[in-house]
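Lettering of chains follows the sequences in order, A, B, ..., and the numbering in each one begins at 1.
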Amino acid sequence: MSKQTKGNKLTVFPYGPQHPVLPEPIQLKFVVDEEKIVDVLPNIGYVHRGIERAIELNDYRRNIYICERICGICNFMHGMAYTETIEKLTDTVVPVRASYLRTIWAELARLQSHMLWLGLFAESIGFESLFMQIWKIREIVLDLNERTGGHRIHLSTNRIGGVGKDMDANLISTYFKQLDKLQKNYDPIANLFHKDAAFKEKTQNIGILPKKIANHLGAVGPVIRGSGIPQDMRTTGYEAYGELDFKPITYDSEDVYARALVRVDETYQSMEIMRQALKQMPDGPILNKNEKFPEGTAIVRVEQPRGECFYYGIGNGTIHLERCKIRTPTMPNIPPLLHMLVGYEVADINPIVHSIDPCISCTERITYVNKEDA
Amino acid sequence: MALNTSTIISIVFLAAMPFLGGILMGVDRRLTARMQNRMGPPLIQPFYDVLKLWAKEPYIANNIQPLMAFMYLGFAMLAASFVAFQLDLLLMLFTTALADICLIVAAFSAKSPYSYIGGRREFLVMLSYEPVLLLVEIAISLVTGTFIIKGIRAYETPLLLLLPAAYVVMQVVLVVEMKKSPFDVSGSAHAHQELVRGVYTEFSGYTMALVEVGHWVKVVTMLAIVGLFWAPNPFIGTALALALFVGAILIDNVYPRLSWQRMLKTTWTIGFGLVIVNLLALSFGGVI
Amino acid sequence: MGLIQKSQLKSPWVLHFDCGSCNGCDIEILAALTPKFDLERFGIVNIGDPKQADVLLVTGPANKRNHRVLKNLYNQMPQPKLVIAVGTCACTGGVFHNCPNVLGGVDNVVPVDVYVPGCAVRPEQIIDAVVLALNKLAGLAQSEEEE
Amino acid sequence: MAIYGQTLVALTVGLPVVSGLASLVLPGKTIRSVLVSVTALVLIGSSVSLLGISEFTYNPGHIYETAVLVLDFALLFYFLYVGMKSKSLPVIGLSLLQLVPVAYFEFVLHGVKVENILLVDRLSVFLVLIVNVVGSVVVVYALSYMEEHEHHLQLKESRQGRFFFFMLLLLGAMNGMVYSNSLYWLYFFWEITSLCCYELIRHDGTAEANTNAVTALWMALIGGVAFIGTMFVGYYTVGSIALTKIMTAQLTPILLVGFAFLALAAFSKSAQFPFHSWLLGAMVAPTPVSALLHSSTMVNAGIYLILRIAPALKGTYLSLVIAAVGAVTFTLTAILAIRQKVSKRVLAFSTIGNLGLIIMCAGINTSLSYTAAVILLFFHSISKGLLFMGAGVVENRINSRNIEDWEGLIGKLPFTTTVMLVGMATMFLPPFGMLLGKWVAVDAIISTPLAFALPIIILICIGSAATTFFWGKWLGYLTVTPMTAQKQVKETLPTPYRFAMMGLLAVSIVFSAGAPYIINNFVNPLIGEAYKLSVTSTLMEVNTGIGSFLVGPFWIATVAMVLLGVMITKKKGGVIVPAYLGGENVPEKPLMFFTTADGEAEASVSTVMLQSEIDEASLNKFAVIIGVLLIIVMFLVEVI
Amino acid sequence: MPKLLGTIIRNLFSKPATVNYPFEASPLVEGTRGSISFNMDRCDQCQDCERVCPSAAIKVYPDDKKIEWDQFKCIYCHLCVETCMHKAITALDHVQSPDYKKSVTVFES
Ligand code: SF4
Ligand code: SF4
Ligand code: SF4
Ligand code: SF4
Ligand code: SF4
Ligand code: SF4
Ligand code: SF4
Ligand code: SF4
């Protein structure tokens, strides 16, 4: 009988690549004992398109658009990081007003992204009405997006050397108005995240990522800030951030709840930064055209909603970049994710996986060699 | 069996139960949508869904599954008929369990991890609401002295006045039975689940249609039992049932999905706690 | 039109698969379900399970890795089924046309019934697309009846 | 008439003993098979014939009395010897605790003289029927089983002679026990069942078997000691050790203590808390032994005793405590059964739990509850016999007792699995007999005063939900088969297996469907002897006055539904598609999915056991403590 | 008390936020990047637009004075609109509607 009572039989199942809760294609292979997670194995590569290669093939000026489409959520920041890289490679100085505009729109993107996340997170924990509520409010942000760049998702306002669109006084006042409206609608939701008992029960004390491990595994963005480490690239003061007043938001409880609260508070922070920047923004030109071809190497690090994004470009004086390496934030958050999952219940998979805000479209870093290619 | 008026009424009621269920589900979706500030689908949407599913290309997981799906509906109807013909309440509960088991066997038999875990959770759902419902039914019959619905209905005082706590407990049971947040652990109707569709994952086409209708019938049966809380006047009884129905939708919309452990704890503590207190009070009051 | 056909038109449950998109179109699909656009008006439920879905919404270009997933999902959907390619890159590959791992539009893998251009598409376009797809379904049903 | 009855009695007690001895002596498989089969047939025949007989009492010849006396002492000395050999203090102590008082009682007090040594009434005939019908089927089944069993063990020399001797002896002793009116005879047969049980548990001779057998023995001996206690009480208060006398006597606290002793004996036999461990340990024996112990013999001895004395205890606190022990046992075992991995342990916990339920019903001690107890006993015996036989076949086929290995058994052993599935369904689902019994039990509980009923109601609510849980998840697990590819598997089974399982299955279904008939013709007459009848049953319906169970319509509806379901699903048909695996299914391999680096992994499912939620060790401890406490209360209650 | 209760109840009794598209028109925001159209009278076939187009959706045939625009490839970035020195490309504010078939719009003078 001793033989028969040793280990339990385990359940093995794939979570994704198609899964209604995680609309993005990633597969996590779970091994669970009854409902307790014993092991997770990630399987990525479903989104791999070969963008870095395409960037090398294209005219460097055209690449803004493909970089924006690395991901539709932080599209603006990708465009911005790419143009910053090229600006460094071509020694272009960006006009101050353009810097401010970029800062404002980057924060708008963060706002959009965090609200999107809050909604998806609500949905993932089975809180459909909260999802609906948040996404209803989020339409305000999308509306601002559309007024600014002509599109709900892809702003496409970045140009090498500045921005392609300006904001007139009318638009600026619309911003203030809409931000106030947004905040008014958003307050009860933030209150819910901070206070609702059922929400807390669902998210507290799961997916613990101790500070040390977060650091060790190289977590970024709200994940590491949820573990109490104030790491935020915006403090390096790129674009107009150096002139604005803000502090990285951290929570110390190291769990899913902390990560959620970081994002809740960051939405307020974004609104605040936007208001500041809108007020301080000087007049002036918005574009500084420079037809030089990129040369040398450049590194750019920006803080995206999901954390640090890293661009590394090498120019060789032609219209084509020699190399463009992009490290996007979800990738470094995958190892911490695996750490967070083990030991919790199947029911906790959703909140934990969503707590890193997985955005797989930018994660596809690992070189995947397809059999048909080889 | 003589075909007298009451038998005819019973048969008509039984036949109407799936339709009532469908309409209620439509109301549910509509109300949910309105609570979420949306317009929502037409009221008869559930019927569209089921008819569509029925006509889809039949995909099955194995040969047991369709039969079990049919038996789920069948036993749900049988349980409903106990209510329609005003028979034994206790037996109705056991028959419901039988229906549930059929559903779970169908889910298990597919050997799909998602439907399996869903089935496992469905068991836990049964484990959490069955004893509570049993206790409520026992409380009812302790008061009325019978398990037979006809007898219960003949009882003069409205049960709500004697067993208010049991009525509240029925709210919890109904939330569980309707697979609503916070207790939609085994597979929920529309919201997203970590288990995809949970216990429903491997159903498709007509098997899903059968299961769907079975679920409607079960919900109506449960509501009919709630209706017993004001038996002397069926209109008030219906209103009571509908109140819990709306309550369940409201609860669905203000809670996230909680764990099954939490579900078990909640239903048992609230269920047992309230009913026991209620019974003790009645016993001191000399009613039973 | 029979009752069943009417039901088929009134209850398209969708399965959404992200085939390597940039998320732009995916979030618009989700946005289409939310209060402002409310796809559920048409009986649409994002069901997430191919075995119960009627409409497959694909975003993003097919690539060498995920085409088999797409194919599988399509095969797991029972007839009658429709495929809607959502977004420029699902139609043709769009901005990713010269990415080395991209196969182009999803019509290289599964038959597509409706193409929706846009990058990202707007929720209104998704609604239009569903209406178009349903018209096609109604047409199919009609022609079957005539036979 | 009386002679005819006496012959039948002699036949049911004597024949098993004789043919058991024959099987011990005569070699050869064929002879043994013939012998056993014939005995089985005769036993079934004579027990059925007994049905027609009205109540009678009589004394067998003096020579039998002497024989019983001699054999009893031989038995006690043997137990003493066993105790010494296995160095088991409890066994030694308990044997001595019997030897000395029995000797005193016999030789000093001369207390064993009783007018009517044997009593054949409705209850004993009912028990005899169960013992012989189910028992005989199990013994026939054992013919095939032991062949395979010894084949697995690769024994050089068959030990089957010994095995069948004790099996048959057990049947004979059970029969003798239920006829006995003299407490001394009852005690004697009781001890023989203990002996058989001990010998059968250690049949395979492994170390584990030996220790478990000794445990079983000392627990059984507690029952023996308790009997002696009752004999003394009977002798000093009523002046007789005839059950009929004791039961009709005026209840005094001292007499109640005597009954408490009997209840204690019954608990030990029926493995109620805190004595449940012996029955769990008995699992090491070959499966037919378990089938026999759990279904018709051994544990039923305890139930019989409780049922026998219950009418005398109506309205006493002792009765309530008995009910409490049963209820607690029922609930806790149902919870414990959820987390068991070993198939036979699940069955064992279920047995203990159901016995608890029966004892609880007997303890509640109203007409209704007594009816429930009898119904439960009847159907439990049949179903449990069936389940153990099925479990045995499965065990021999897949070489494992772990229910994790039972996954999708229906694809591998279609016949046996179907039998098991139906067998499981008969344990807890309507419209089968066990559920009918449970249903009557619930009706019975609510018709008792609330102050007492409330705790029991709660225990029952939880217990029955847990029961549904552990049966259901096991039942479901057997059907976990993705495809019907293995459908062509044909199962070849030896005839005794087939015969035994099909036979009991048929009996179970027919009797469930004919439950009203059973109640009218067997149960109600039996109840009528001690209680006012409360269950009325017509052809189709069982009515308790509180509820009504429409057996007939339910069955008709169920059968109609199955037929309709088969028809509709046949007509609809369907394409079998692989399970949903996130879209990464490997073509042609139904359960495989692509994972990291295009490797293939297999999706699998575990069993449902709530192992992390249910803490067996502490629950067990709790069970023992509460069991001991309740027994202490049981003895204290009389004083109050 | 669950924190969303107030909002939910308020929602229940207020008008849905839904725009009943397509039965009602969806309010258009000014400056939306919609479809584009080529004015061949202005175009001088310089092929600038073809060169800048990030998704190679434009093909200019200078010899035939013809432009093919693949609306199923276009990502509606309006870079071509910005680039064309002859202002030959007009940005329209309506978005392209879905279709059963992929097609290419041909502009000829
Ligand atoms: S890894 Fe990302 S950036 Fe690189 S090619 Fe793939 S999708 Fe593009
Ligand atoms: S498939 Fe290979 S070679 Fe092609 S882009 Fe991807 S990594 Fe590079
Ligand atoms: S993390 Fe990556 S994929 Fe996600 S939004 Fe940011 S850039 Fe896009
Ligand atoms: S020279 Fe450079 S820019 Fe010009 S066509 Fe060749 S690769 Fe392109
Ligand atoms: S069409 Fe555009 S927005 Fe949509 S997924 Fe493709 S790149 Fe993203
Ligand atoms: S850029 Fe303008 S002028 Fe030149 S080809 Fe294009 S449309 Fe014609
Ligand atoms: S207008 Fe200038 S840039 Fe354009 S084709 Fe003529 S010369 Fe070249
Ligand atoms: S809008 Fe952009 S993608 Fe479309 S044709 Fe013009 S440049 Fe090309």
Considering only heavy atoms, which portion of C:Ile127 lies under 4.5 Å from any heavy atom of chain E: side chain, backbone, both, or neither?
->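 Contact with chain E is through the side chain of C:Ile127 alone.
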Given a strict heavy-atom distance threshold of 4.5 Å, which part of C:Asp128 is in contact with chain E: side chain, backbone, both, or neither?
->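 C:Asp128 touches chain E through backbone and side-chain heavy atoms alike.
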How many angstroms lie between [atom1] in [X] and [atom2] in [Y], if you round to the nearest 0.5 Å?
X: C:Cys91; Y: E:Gln71; atom1: SG; atom2: CD; value: 10.0 Å
X: E:Asn20; Y: C:Phe37; atom1: CG; atom2: CZ; value: 12.5 Å
X: E:Thr18; Y: C:Arg41; atom1: OG1; atom2: CZ; value: 6.0 Å
X: E:Ser97; Y: C:Leu132; atom1: OG; atom2: CG; value: 8.0 Å
X: E:Arg33; Y: C:Arg122; atom1: CZ; atom2: CZ; value: 11.0 Å

Is the count of non-hydrogen atoms from other residues, nucleotides or ligands lying under 6.0 Å from C:Lys10 atom NZ greater than 12?
->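 Check fails, neighbour count at 12 or below.
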Please classify the contact between [X] and chain C as side chain, backbone, both or neither, with a heavy-atom cut-off of under 4.5 Å.
X: E:Tyr76; result: side chain
X: E:Asn11; result: neither
X: E:Pro54; result: both
X: E:Ser35; result: neither
X: E:Cys53; result: neither

Heavy-atom closest pair, residues E:Gln96 and C:Gln125 =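 It is O-NE2, 2.7 Å.
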Determine the minimum heavy-atom distance between E:Pro98 and C:Pro117, stating which atoms define it.
->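 Minimum heavy-atom contact is CA-CD, 3.8 Å.
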Best-contacting candidate, C:Asp113, C:Val121, C:Val131, against chain E by heavy atom pairs under 4.5 angstrom =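 Among C:Asp113, C:Val121, C:Val131, the one with the most close pairs to chain E is C:Asp113.
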Is the shortest heavy-atom distance from the side chain of E:Tyr100 to the side chain of C:Asn135 under 4.5 Å?
->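 Result yes, sub-4.5 Å side-chain heavy-atom pair found.
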So do the side chains of E:Asp99 and C:Tyr115 get within less than 4.5 Å of each other, counting heavy atoms only?
->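 A side-chain contact is absent here, since even the closest heavy-atom pair is not under 4.5 Å.
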May I ask you to decide if E:Tyr21's main-chain N or O and C:Glu124's side chain share a donor-acceptor pair within less than 3.5 Å?
->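 It does not hold such a pair.
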Show the numbers, then the answer: is there a side-chain contact (heavy atoms from CB on, under 4.5 Å) between C:Asp107 and E:Lys102?
-> CA-CA 10 Å; C:Asp107 48 2; E:Lys102 288 191 283 192; 2.7 Å; yes
Test side-chain contact (heavy atoms from CB on, under 4.5 Å) applied to C:Thr88 and E:Phe72, step by step | CA-CA 6 Å; C:Thr88 297; E:Phe72 288 91; over 6 Å; no
